Amino acid sequence: MRTDMSIEEQLAHLKRGVVDLIREEDLRRKLERSRATGRPLRVKLGADPTAPDLHLGHTVVLRKLRQFQQLGHTVIFLIGDFTGMIGDPTGRSVTRPPLSRQEIEANAETYKRQVFKILDPERTVIEFNSRWLGTLRSEEWIRLTAKVTVAQILEREDFQKRLREGSPISLHELLYPVAQAYDSVMLQADVELGGTDQKFNLLVGRDLQREFGQEPQVVMTVPLLVGTDGVQKMSKSYGNSIGITEPPEEMYGKIMSISDEVMWTYYELLTDVPAEELARWRAAAEAGRVNPRDVKAHLARRLVAEFHSEEAARRAEEEFTRIFRERGLPSEMPIFHLPASVGERLELARLLVQSGLAPSVREARRLIEQGGVHVDGERIADPRAHIVVRPEFVLQVGKRRFLRIRSRETTDPMSA
RNA sequence: GCAGGGGUGGCAGAGCGGCCAAAUGCACCGGGCUGUAAACCCGGCGGGCGUCACGCCCUUCGGAGGUUCGAAUCCUUCCCCCUGCACCA
């Protein structure tokens, strides 16, 4: 596809948005050799099998992989079904319950479907590390772990930190980097990618490959995308993620909810908008010549289009504008069939609970008191208000939760 | 094994006999403002009830007992977690 690029051009292209590149010289040599021999590079990315829902954070590194593919190289998407049992000690993750073979298969399928929204299936190999790690005998484990020293492993910053703080480190956690490194050996990886938090693990791969007489892999790390909260890295467990399979409206809205500041990072990491152009937009926004909201809307639309379609993006935008800028009603909303007849008097708070818009009467009353509840567009502020049931009406809580209520007569006139 | 430190709301983390449904921060929710589900500001954040801007009740601080008019706070016991020193003489 872009194999006409010179090696230097390729390097520059691949370096874009990369935090660590260890070592650039090695990569250049590998690229040159690949061109000379016609043998594609083997570019590895490891993934945990436990969370198969990809979010935008994952796509940063996937986009980088795609660049390699576009240059004709092979991507090895490694599903860590064995290492998943250990759980990468990065972060606070607790011991994970082992997944069944079936669950893993199912997750892998989900992965494939999602990953191929970005990667080219023709140039992607899917692997499972249980294939070699799962069959290692105890003796082999001992021989393997003998190749790495404790000091090497404890260099890892978070291990040191935990040691300092007196936090626990389980023995098996020390094995994680070794296992991951062994994957690189088995796969004979030329390059391994990961987020910056993976740097250490990726480097162990180099060491171990050397131990096994292989040429060390090139390590490439990309920044971690910050989540919608603008603070922590995007992660499903932090509840700040934007999944790539989320409905268009949801995705659009979530992108609109990131801060103006974070938006620039998203542009950088999730689009191909040239840096110079971004700088121009930013200057214009800061000077007040351009409304940052519009820049953000452009981003939202662009990303929704990438993962859904232009058409879906357009609709999501219209919907967003209608609800939030014009304070209107969504084009579609869930319907709740109220088991009550026209004319009946109902306490609003209870109706909210009954219809699932509030978890408890107390909460419902709070919402009403705070002015968050509208019935057919009219704000009801009396926490003890009653309403007279109409054939159909719209309940709204907050800015974005709508429910169309239908009472008995309208849904089933025969049953009266 | 020994010594020590712990287990409190979604998370982090105060409180250590009554003023504790439990500080504070984060997350979350509602409102205001707006240019957006941005930023910022304000409010809320266990549940039920009432003649409802004030009050009542119920269930919460690892489990179970107990002391006390009264316990997240004290005692007993059990469970769990962590750190250090050992164990291998």
Side-chain angles (χ1 to χ4, degrees), chain A residues 56 91-95 159 161-171 173 226-243 246-267 281-282 284-304 316-330 347-350 352-354 356-375 379-386 395-402:
Chain A
L56 292 182
R92 73 200 66 220
S93 63
V94 202
T95 315
F159 283 145
K161 180 159 167 274
R162 284 159 73 180
L163 224 42
R164 253 199 322 276
E165 287 174 351
S167 304
I169 302 173
S170 294
L171 193 56
E173 294 181 89
V226 67
T228 52
D229 56 12
V231 183
Q232 284 179 292
K233 67 170 183 180
M234 185 174 285
S235 156
K236 204 178 170 194
S237 51
Y238 292 153
N240 64 0
S241 67
I242 304 175
E246 288 189 46
E249 293 76 24
E250 200 61 20
M251 194 184 247
Y252 190 96
K254 282 190 179 181
I255 293 165
M256 289 307 281
S257 83
I258 62 173
S259 73
D260 292 354
E261 192 51 41
V262 166
M263 155 176 89
W264 301 112
T265 312
Y266 275 41
Y267 261 113
W281 290 358
R282 188 165 188 158
E286 275 161 11
R289 293 195 305 276
V290 169
N291 188 333
R293 195 210 69 219
D294 296 330
V295 184
K296 205 186 292 177
H298 176 75
L299 173 70
R301 191 159 166 173
R302 196 179 175 121
L303 291 175
V304 173
E317 182 158 78
E318 276 173 13
E319 193 81 351
F320 186 87
T321 304
R322 181 161 49 233
I323 296 171
F324 297 105
R325 290 175 74 180
E326 295 161 7
R327 287 291 154 93
L329 296 176
E347 190 176 344
L348 180 57
R350 277 166 214 294
L352 290 174
V353 175
Q354 199 181 358
L357 286 170
S360 69
V361 176
R362 249 183 135 81
E363 172 75 10
R365 287 185 178 165
R366 257 180 242 127
L367 287 168
I368 298 170
E369 247 165 340
Q370 295 183 131
V373 177
H374 295 253
V375 177
R379 172 176 288 172
I380 309 285
D382 176 6
R384 281 164 305 282
H386 284 66
L395 262 186
Q396 180 183 357
V397 173
K399 291 186 188 106
R400 42 189 295 244
R401 281 145 72 207
F402 300 86

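Computed from a prediction, not measured in an experiment: that's the story for all the values here. Per chain, numbering begins at 1; letters A, B, ... match sequence-line order. Excluded from the calculations below are hydrogen atoms, water molecules and symmetry mates; all remaining heavy atoms, backbone and side chain alike, are included.
Atom-to-atom, CD of A:Glu347 to P of B:rG48 comes out at 11 Å; the value is rounded to the nearest Å. Rounded to whole Å, the distance from CE on A:Met256 to P on B:rA38 is 10 Å. At whole-Å resolution of the value, CG in A:Asp382 and P in B:rG50 are 14 Å apart. For the pair A:Asn291 CG and B:rU36 C1', the interatomic distance rounds to 8 Å; values are reported in whole Å. Atom CZ of A:Arg365 is separated from atom P of B:rG44 by 18 Å (rounded to the nearest Å). Distance CD (A:Glu286) to P (B:rG35): 19 Å, rounded to an integer number of Å. To the nearest angstrom, P of B:rU36 lies 18 Å from NE2 of A:His298. Atom CG in A:Asp229 sits about 10 Å away from atom P in B:rA39, given to the nearest Å.
The side chain of A:Asp260 has B:rU36 as its nearest neighbour among B:rC49, B:rU36, B:rA37. Listed nucleotides B:rA39, B:rA37, B:rG47 differ in distance to A:Ser259; the shortest reach to its side chain belongs to B:rA39. When each of B:rG50, B:rU36, B:rG35 is scored by its nearest atom to the side-chain atoms of A:Lys296, the top-ranked nucleotide is B:rU36. Candidate nucleotides B:rA39, B:rA37, B:rG35 were compared by shortest atom distance to the side chain of A:Pro292, and B:rG35 ranks first.
The base-pairing partner of B:rC74, taking Watson-Crick or G-U wobble contacts with both distances under 3.5 Å, is B:rG66. Under the Watson-Crick and G-U wobble criteria, each requiring two contacts below 3.5 Å, nucleotide B:rC40 is paired to B:rG32. Of all nucleotides present, only B:rA3 satisfies the Watson-Crick or G-U wobble test against B:rU83, with each distance under 3.5 Å. Pairing partner, B:rC45: none, since no Watson-Crick or wobble contact has both distances short of 3.5 Å. In this structure, B:rA14 makes no Watson-Crick or G-U wobble pair, since no nucleotide meets both defining distances under 3.5 angstrom.
The aromatic rings of A:His298 and A:Tyr267 sit parallel, their planes meeting at an angle under 30°, below the 60° perpendicular limit.
Using a 4.0 Å heavy-atom cutoff across all strands shown, A:Val262 reaches no nucleic acid atom at all. Looking at heavy-atom distances under 4.0 Å, A:Glu317 makes no contact with the nucleic acid at all. A:Ile258 comes within 4.0 angstrom of sugar-phosphate atoms only, judged by non-hydrogen atoms across all strands, and of no base.
One finds a salt bridge joining A:Arg282 and A:Glu286 here, because a Lys/Arg side-chain nitrogen approaches an Asp/Glu carboxylate oxygen to under 4.0 Å.
Note that CE of A:Met234 and CG of A:Asp229 are 9.0 Å apart. Values are rounded to the nearest 0.5 Å.
Remark: the backbone N or O of A:Ala349 is not paired with any side-chain donor or acceptor of A:Arg365 at under 3.5 angstrom. In terms of modelled atom types and a separation under 3.5 Å, the side chain of A:Tyr266 and the main chain of A:Val226 share a donor-acceptor contact. Of the possible donor and acceptor atoms, none in the side chain of A:Lys254 sits under 3.5 Å from a partner among the backbone N and O of A:Gly243.
What you find for A:Ala364 and A:Val353 is that their closest heavy atoms are CB-CG2, 4.2 Å. When all heavy atoms are compared, the tightest approach of A:Glu347 to A:Pro383 is OE2-O, 4.3 Å.
Atom name C1', nucleotides B:rC61 and B:rC56: the rounded distance is 23 Å, in whole Å.
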Look for any protein N or O under 3.5 Å of an N or O in nucleotides 30-34 of chain B and output each such pair with its distance, or none.
residue	atom	partner	partner atom	Å
B:rG30	O2'	A:Gln370	O	3.1
B:rG31	O4'	A:Gln370	O	3.4
B:rG31	O3'	A:Arg379	NH2	3.2
B:rG32	OP1	A:Arg379	NH2	3.1
B:rU34	O4	A:Arg327	NH2	3.0

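An OP1 or OP2 oxygen of B:rA37 is reached within less than 4.0 angstrom by no side-chain nitrogen or oxygen of A:Thr228. The side chain of A:Arg325 contributes an N or O atom lying less than 4.0 Å from OP1 or OP2 of B:rU36.
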